[in-house]
Trainee: 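Below you'll find the structure I mean.
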Number of protein chains: 2
Amino acid sequence: MVKKYNIPVEAALEVIGGKWKVVILCHLIKGTKRTSELKRSMPTITQKMLTQQLRELEADGVIERKIYQQIPPKVEYSLTEYGWSLKGILDSLCAWGEKHIERNYDDKSLVLVEG
Amino acid sequence: MVKKYNIPVEAALEVIGGKWKVVILCHLIKGTKRTSELKRSMPTITQKMLTQQLRELEADGVIERKIYQQIPPKVEYSLTEYGWSLKGILDSLCAWGEKHIERNYDDKSLVLVEG
DNA sequence: TGCAATAGGTACTTTAAAGTGCCTGTCCCC
DNA sequence: GGGGACAGGCACTTTAAAGTACCTATTGCA
């Protein structure tokens with residue numbers, strides 16, 4: 001039985017919905033990142049959630065995982081060509097988030113960590 | 001204590017995140033809608049979730065609630081000016097969802113209800 | 001007279017998302 | 001030889017999101 005959508009946008013939400021995926025993609029849009037770099041960029045994500053979300057994004061074809069056969073392990077994540085088709089959405093979301101903060105808080109350093 | 005964001009896009013997700021808000025906004029972008037119209041457009045949402053999400057969107061200033069003092073009750077929802085600043089994001093999300101379905105399914109009528 | 005339509009409210013329960021804690025293995029450095 | 005960096009896996013638990021069920025009120029209509 002195939003998943004049914006009442007409106008096509010639900011298909012997009014299935015790929016980038018949830019608490020972390022958009023954030024991860026916003027980091028990867030700035031360039032290829034190692035697992036540990038991503039983790040440092042997202043201090044509150046757990047190792048498990050990071051791996052899980054990366055796996056799902058990979059399964060949906062929007063990111064790519066490159067393993068370097070070395071010790072200690074090195075794994076890099078980057079957007080696929082298909083993932084780059086999300087760039088417009090991600091850029092707009094980031095910009096809107098900034099404007100939203102400016103609109104709602106006089107001093108945005110109050111809401112942005114290390115801001 | 002104020003909520004802290006590690007990256008501004010998190011502020012956007014707080015407003016339009018979750019299972020229903022983007023879908024609701026995608027309907028309202030087509031024009032003002034009554035509660036019952038929204039409900040009919042989203043057959044699987046429950047009355048409670050619809051009301052709850054509408055209240056939150058209203059509290060965030062992206063939609064407006066207009067009550068007509070009549071019996072039976074009539075309530076209309078529409079985007080506020082601030083809500084319209086989301087138009088670009090919503091349009092792109094809808095378009096991406098459509099392309100994603102076309103990319104992943106040969107026959108999109110299989111995944112779109114009443115499609 | 002009894003039901004449908006309208007737009008909810010509220011208490012409770014379920015389920016899915018997210019988080020915790022502990023485990024692997026190898027190499028380098030102190 | 002103990003600890004950290006690296007990239008996870010796995011079992012379990014917690015919490016937040018979502019869903020169910022039942023309640024309000026008024027009017028018109030069959």
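Quick note: numbers below take in every heavy atom, side chains included, and nothing from hydrogens, waters or symmetry partners. In what follows, chains carry the letters A, B, and so on, assigned in the order in which the sequence lines appear, proteins first and then strands, with residues in each chain numbered from 1.
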Trainee: Report yes if some heavy atom in the side chain of Glu64(A) is under 4.5 Å from a heavy atom in the side chain of Glu58(A); otherwise report no.
Mentor: no
Trainee: What's the CD-P distance between Gln70(B) and dA5(C), to the nearest Å?
Mentor: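 In whole Å, dA5(C) P lies 17 Å from Gln70(B) CD.
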Trainee: Could you check whether Arg34(B) makes a cation-pi contact with Tyr77(B), meaning its NZ or CZ is under 6.0 Å from the centre of the six-membered ring and within 45° of the ring axis?
Mentor: no
Trainee: Sugar-phosphate atoms are those with a prime plus P, OP1 and OP2; base atoms are the rest. Using that split, label each nucleotide of nucleotides 5-14 of chain D B, S or - for protein heavy atoms under 4.0 Å, 5' to 3'.
Mentor: -BSBSBB---
Trainee: Rounded to the nearest Å, what distance is computed from the CE atom of residue Met49(B) to the C1' atom of nucleotide dA21(D)?
Mentor: 16 Å
Trainee: For the CD atom on Glu81(B), are there more than 12 heavy atoms of other groups (residues, nucleotides or ligands in this structure) within a distance under 6.0 Å?
Mentor: no
Trainee: Thr46(B) side chain: which of dG19(D), dG19(C), dC27(C) is closest?
Mentor: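 Output: dG19(D).
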Trainee: Please give, in whole Å, the distance from dA7(C) C1' to Lys33(B) NZ?
Mentor: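 Atom-to-atom, Lys33(B) to dA7(C), this comes out as 18 Å.
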Trainee: Can you check the Glu14(A) CD to dA17(C) C1' distance for me, whole Å?
Mentor: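 Value for this atom pair: 15 Å.
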Trainee: Tell me: OH of Tyr68(B) to C1' of dA25(D), nearest whole Å?
Mentor: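 Result: 21 Å.
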Trainee: Taking CD1 from Ile71(B) and P from dT26(D), how many angstroms apart are they, rounded to a whole number?
Mentor: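 Rounded to whole Å, this separation is 7 Å.
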Trainee: dG8(C) C1' sits how many Å from Lys66(B) NZ, rounded?
Mentor: 20 Å
Trainee: For residues Leu112(A) and Pro8(B), determine if any side-chain heavy atom of one lies less than 4.5 Å from a side-chain heavy atom of the other.
Mentor: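 A side-chain contact exists here, since the closest heavy-atom pair is under 4.5 Å.
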Trainee: Hey, could you give me the CG/NZ distance between Leu13(A) and Lys21(A), rounded to the nearest 0.5 Å?
Mentor: 11.0 Å
Trainee: Between dT15(C) atom C1' and Lys19(B) atom NZ, what is the distance in whole Å?
Mentor: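 Going from Lys19(B) (NZ) to dT15(C) (C1'), I get 10 Å.
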Trainee: In terms of side-chain heavy atoms, does Glu76(A) have a donor or acceptor partner in Tyr68(A) at a distance below 3.5 Å?
Mentor: yes
